[in-house]
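See structure below.
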Amino acid sequence: GVVVSEYYNKELLCLKSVLWHESRGEPEEGIRAVMSVIYNRKKAKGYPNTFCGVILQDKQFSAFNEDKSLATKPLKPTRELDKEAYRKVSSVAQEAVQGAFTPVLDEDVLHYAKTSVRNHWTRKFERVKVIHQHVFYKEI
């Protein structure tokens, strides 16, 4: 029905947007790892139970700290390299919304940061894996 497709489309748009802004320069494993963190949070206690809810939580995904509306604006990549990255993130997002996504990280991996980031919060977690430009963490 209309309600289901409206929900589906919003979730898909949020995922495409966050994966684009957070991981488009990563290899597919990196995109899947970022998606795994979002997926794991959606299933974890203390987090919203929708992808958009997880993505739009305050100060969780830097791409949306300034402007939450970016999460629901359609992306229109023009360069060939960007179009390829968009195809990758779109494919992973579609898998997730359709319920066909299999996380590449354990369910307790709920955080990540760029390898260049040294925040106070990264000290509270255990490094689990480094993929390209991101470090993935679980709580200690």
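The analysis underlying the following values was restricted to heavy atoms, covering all of them including side chains, and did not include hydrogens, waters or symmetry mates.
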With rounding to the nearest 0.5 angstrom, report the [atom1] to [atom2] distance, [X] to [Y].
X: Cys52; Y: Leu15; atom1: SG; atom2: CG; result: 7.0 Å
X: Leu105; Y: Leu110; atom1: CG; atom2: CG; result: 10.0 Å
X: Ile38; Y: Leu19; atom1: CD1; atom2: CG; result: 5.0 Å
X: Gln133; Y: Glu22; atom1: CD; atom2: CD; result: 12.0 Å
X: Ser23; Y: His132; atom1: OG; atom2: NE2; result: 11.5 Å
X: Ile55; Y: Lys42; atom1: CD1; atom2: NZ; result: 10.5 Å

Atom [atom1] of [X] with >12 non-hydrogen neighbours under 6.0 angstrom:
X: Lys10; atom1: NZ; result: no
X: Gln98; atom1: CD; result: yes
X: Glu84; atom1: CD; result: yes
X: Lys68; atom1: NZ; result: yes
X: Leu81; atom1: CG; result: no

Hey, what's the ring geometry for [X] with [Y], parallel, tilted or perpendicular (30° and 60° as the breaks)?
X: Tyr86; Y: Trp20; result: perpendicular
X: His21; Y: Phe64; result: perpendicular
X: Trp121; Y: Phe125; result: perpendicular

query: Side chains of Arg41 and Gln60: is there a donor and an acceptor less than 3.5 Å apart?
result: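 Side-chain D/A pair, Arg41 to Gln60: present.
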Same cluster or not: [X] versus [Y], using hydrophobic residues (I, L, V, M, F, W, Y) connected whenever any side-chain heavy atoms lie under 4.5 Å apart?
X: Val130; Y: Val109; value: no
X: Tyr39; Y: Val54; value: yes
X: Val128; Y: Ile131; value: yes
X: Val92; Y: Leu13; value: no
X: Tyr137; Y: Ile31; value: no

message: One thing to verify: whether Lys129 and Glu29 come together as a salt bridge, which I'm taking to mean a side-chain N less than 4.0 angstrom from a carboxylate O.
response: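 Counted as a salt bridge, because a side-chain N and a carboxylate O are separated by less than 4.0 Å.
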- request: Could you walk me through whether His134 and Glu26 pass side-chain contact (heavy atoms from CB on, under 4.5 Å), step by step?
  value: CA-CA 9 Å; His134 287 100; Glu26 295 288 318; 3.1 Å; yes
message: Within the structure provided, determine whether Tyr7 and Thr50 are in side-chain contact (heavy-atom separation under 4.5 Å).
response: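 Heavy-atom side-chain distance check passes, below 4.5 Å.
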- prompt: Do Glu139 and His111 come close enough that some side-chain heavy atom pair is under 4.5 Å?
  reply: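 They are in contact (side-chain heavy atoms under 4.5 Å apart), so the answer is yes.
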Of the non-hydrogen atoms in [X] and [Y], which two are nearest, and what is the gap between them?
X: Ser36; Y: Pro103; value: OG-CA, 3.3 Å
X: Ala96; Y: Met35; value: CB-CE, 3.5 Å
X: Val37; Y: Phe136; value: CG2-CD2, 3.8 Å
X: Pro77; Y: Asp82; value: CB-CB, 3.6 Å
X: Thr122; Y: Ala113; value: CG2-CB, 4.4 Å

query: Is there a donor-acceptor pair closer than 3.5 Å between any side-chain N or O of Glu11 and the backbone N or O of Val97?
result: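 Flag not set: sc Glu11 to bb Val97 has no pair under 3.5 Å.
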message: Between Phe61 and Leu56, does the side-chain contact (heavy atoms from CB on, under 4.5 Å) criterion hold? Intermediate values first, please.
response: CA-CA 8 Å; Phe61 296 93; Leu56 293 173; over 6 Å; no
